[in-house]
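Note that the structure is predicted; figures quoted are calculated from it, not measured.
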Amino acid sequence: TPVIPSHNLRELEDICDHIGLLHKGGVLLSQDLEDLKCTLTKVQCVLPEELDSKIREALLVLKMQRHGKLLTMTVRGESEKVMHWLSTFNPIYCESVPLTLEEIFISETEVAGYDIKSLIS
């Protein structure tokens, strides 16, 4: 198995099947890339802001941002289940968006408690 160290995550995404994230001499994450992508879901939807707390209670939300009425979130869970649950609120718009390796890296490091800005600068 070759080990390819790189900070260019876009390049690695095209050639790797399995990824490992290392930080300070430890393994932060080691997983098959497709399995990892199946366990994280990025969703963009238009739902009332009043539902934000209910969404956080029901789903394992790693990141949630609002830009006007558009809610973008990264959720740990299978896309079909997340989308089905969100559909019960009759969103005006709701779409599952593929995550890039960089977004996965950011999500996983933030969940682990790392200050991502200091890691990538």
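- In this structure, Ser87 has no side chain to side chain donor-acceptor pair (under 3.5 Å) partners at least two apart in sequence or on a different chain.
- Shortest non-hydrogen contact noted between Phe89 and Lys54 is CZ-CD, 3.6 Å.
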- Steps toward side-chain contact (heavy atoms from CB on, under 4.5 Å) verdict (Glu103, Thr74): CA-CA 9 Å; Glu103 289 171 318; Thr74 303; over 6 Å; no
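- Note: Cys45 SG to Ile55 CD1 = 6.0 Å, rounded to the nearest 0.5 Å.
- Taking CZ of Arg76 as the start and OG1 of Thr41 as the end, the distance is 10.5 Å to the nearest 0.5 Å.
- Atom CD1 of Ile92 is surrounded by 12 or fewer heavy atoms from other residues, nucleotides or ligands within 6.0 Å.
- In Glu95, the CD atom is crowded: over 12 heavy atoms of neighbouring residues, nucleotides or ligands sit closer than 6.0 Å.
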- Item | Verdict with reasoning, Leu71 to Leu51, per side-chain contact (heavy atoms from CB on, under 4.5 Å) | CA-CA 11 Å; Leu71 174 64; Leu51 292 175; over 6 Å; no
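- Every side chain to side chain donor-acceptor pair (under 3.5 Å) that Ser79 has, sequence neighbours left out, goes to Ser96.
- Looking at residues two or more places apart in sequence or on another chain, you find a salt bridge (charged side-chain N to carboxylate O under 4.0 Å, His left out) between Asp52 and Arg66.
- Residues Thr72 and Val97 form no side-chain contact, since every pair of their non-hydrogen atoms from C-beta on lies 4.5 Å or further apart.
- Note: Leu47 CG to Leu86 CG = 6.5 Å, rounded to the nearest 0.5 Å.
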